[in-house]
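Since this is a predicted model, take the numbers as computed values, not measurements. Hydrogens, waters and symmetry mates play no part in the numbers below; they use all other heavy atoms, side chains included.
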Amino acid sequence: MAYHNQEATLNARHRVLQTIWSAGFFSVASAGILFYVLAKQPKFTQELGTFQLIGLAFCVSYLMSFVIPPMIRKSNMVGLKNSFDKTNLQGPDDEGISQKVFNVIQTSTIIAIALTEGAAFANLTLYLVGNSIYSFAAGGFGLAVLLLHYPSSTKVTALVDEVVADLKSVSN
């Protein structure tokens, strides 16, 4: 009984995580469409101006959205290690192992989404101000990166397995 309740809770939390991703994705997509309609015809110039360089600097956040979340998961391993029964690291149990692992995954996924969404919004705002196709393209690239961060059930399950494997390696 407790297993089914915990599984239902994890499924609900997974849907919440997908809703957070959807809000981020569609807010950037709708801002991109709105800014494209509001802006004049975008300029395609050979030189990179200040706005374009600032926008390209924001693109570092796209890369960091793949670097920082694994670091967060690894840094939480030490704290989680003490919460787990070292002999029972497989599957959910009454102690809420999967809940604690999901907390780590949820936090790292939200940070990845936020880094990507912030950089995409910044580039789209720079497009609106500077009217450069480079900034618009960088914002569109942010949407593609957000697609890579979609928290599918397969991806979340793989992350849970990765965290549990890390826990096993830390506890040995």
Side-chain angles (χ1 to χ4, degrees), residues 7-77 98-166:
E7 186 177 357
T9 301
L10 287 175
N11 287 337
R13 291 182 69 197
H14 179 245
R15 285 191 302 275
V16 168
L17 190 56
Q18 288 178 328
T19 302
I20 292 169
W21 176 88
S22 298
F25 181 82
F26 289 112
S27 64
V28 171
S30 60
I33 293 168
L34 178 67
F35 291 177
Y36 186 79
V37 169
L38 290 177
K40 299 172 259 176
Q41 190 67 12
K43 297 176 189 171
F44 185 77
T45 60
Q46 295 297 327
E47 62 186 54
L48 292 176
T50 305
F51 288 126
Q52 293 86 1
L53 292 175
I54 292 171
L56 291 176
F58 277 115
C59 288
V60 172
S61 290
Y62 297 151
L63 174 64
M64 297 310 290
S65 73
F66 291 101
V67 173
I68 292 175
M71 291 171 56
I72 290 170
R73 285 193 296 273
K74 296 229 184 273
S75 69
N76 283 300
M77 290 306 105
S98 55
Q99 292 285 338
K100 292 177 183 178
V101 169
F102 192 84
N103 288 342
V104 173
I105 292 168
Q106 183 175 13
T107 301
S108 63
T109 303
I110 289 172
I111 288 172
I113 292 168
L115 283 168
T116 307
E117 183 182 6
F121 266 122
N123 276 300
L124 290 173
T125 302
L126 289 171
Y127 164 71
L128 187 62
V129 173
N131 203 25
S132 170
I133 195 72
Y134 297 116
S135 297
F136 189 74
F141 182 70
L143 279 176
V145 173
L146 271 172
L147 284 173
L148 293 175
H149 288 304
Y150 178 74
S152 67
S153 58
T154 305
K155 186 175 182 178
V156 171
T157 302
L159 286 172
V160 168
D161 293 343
E162 176 188 328
V163 170
V164 169
D166 285 346

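Heavy-atom minimum distance, I72 versus N76: O-ND2, 2.9 Å. Closest non-hydrogen pair, V67 versus P70, comes out as O-CD, 3.3 Å. Taking both residues in full, the closest heavy atoms of A120 and V28 are given as CB-CG1, 3.7 Å, listed atom of the first, atom of the second, then distance. The shortest heavy-atom contact between G139 and N123 is N-CB, 3.7 Å. Contact detail for I105 and S108: the closest heavy-atom pair is O-OG, 3.0 Å.
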Candidate pair V145 and S65, rule side-chain contact (heavy atoms from CB on, under 4.5 Å), full reasoning: CA-CA 9 Å; V145 173; S65 73; 4.0 Å; yes
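For the pair T109 and P69, the minimum side-chain heavy-atom distance is 4.5 Å or more. In this structure, I110 and L17 have side chains that are in contact, with non-hydrogen atoms separated by less than 4.5 Å. Residues L56 and Y134 are not in side-chain contact: their nearest non-hydrogen atoms beyond the backbone lie 4.5 Å or more apart. Between T125 and F35 the shortest side-chain heavy-atom distance falls below 4.5 Å. When side chains are defined from C-beta on, L147 counts as touching W21, because their heavy atoms get closer than 4.5 Å. Under the 4.5 Å side-chain criterion, counting only non-hydrogen atoms from C-beta, R13 is in contact with N103. A 4.5 Å side-chain heavy-atom check between L124 and S135 finds every atom pair outside the cut-off.
Side-chain atoms of Q18 come within 3.5 Å of backbone atoms of P151 as a donor-acceptor pair (strictly under, hydrogens ignored). At distances below 3.5 Å, at least one donor-acceptor pair connects side-chain atoms of S152 with backbone N or O atoms of K155.
Between the CG atom in L63 and the CD1 atom in I68 there is a gap of 9.0 Å [rounded to 0.5 Å]. Atom CZ in F26 sits 10.5 Å away from atom CG in L146 (nearest 0.5 Å). To the nearest 0.5 Å, atom CZ of residue R73 and atom OG1 of residue T107 are 10.5 Å apart. A distance of 12.5 Å separates CG of L159 from CD of Q106, quoted to the nearest 0.5 Å. Interatomic distance, Y150 OH to S22 OG, rounded to the nearest 0.5 Å: 6.0 Å. The structure places CG of L148 at 11.5 Å from CG of L143, a figure rounded to the nearest 0.5 Å.
For H149, the ring-ring contact (aromatic ring centres under 6.0 Å, His included) partners at least two apart in sequence or on another chain are F66. For Y62, the ring-ring contact (aromatic ring centres under 6.0 Å, His included) partners are F141, not counting sequence neighbours.
With a 6.0 Å radius and a threshold of 12 heavy atoms from other residues, nucleotides or ligands, F58 has its CZ atom at or below the threshold.
Between Y36 and Y127, the ring-plane angle classifies as parallel under the 30° and 60° cut-offs.
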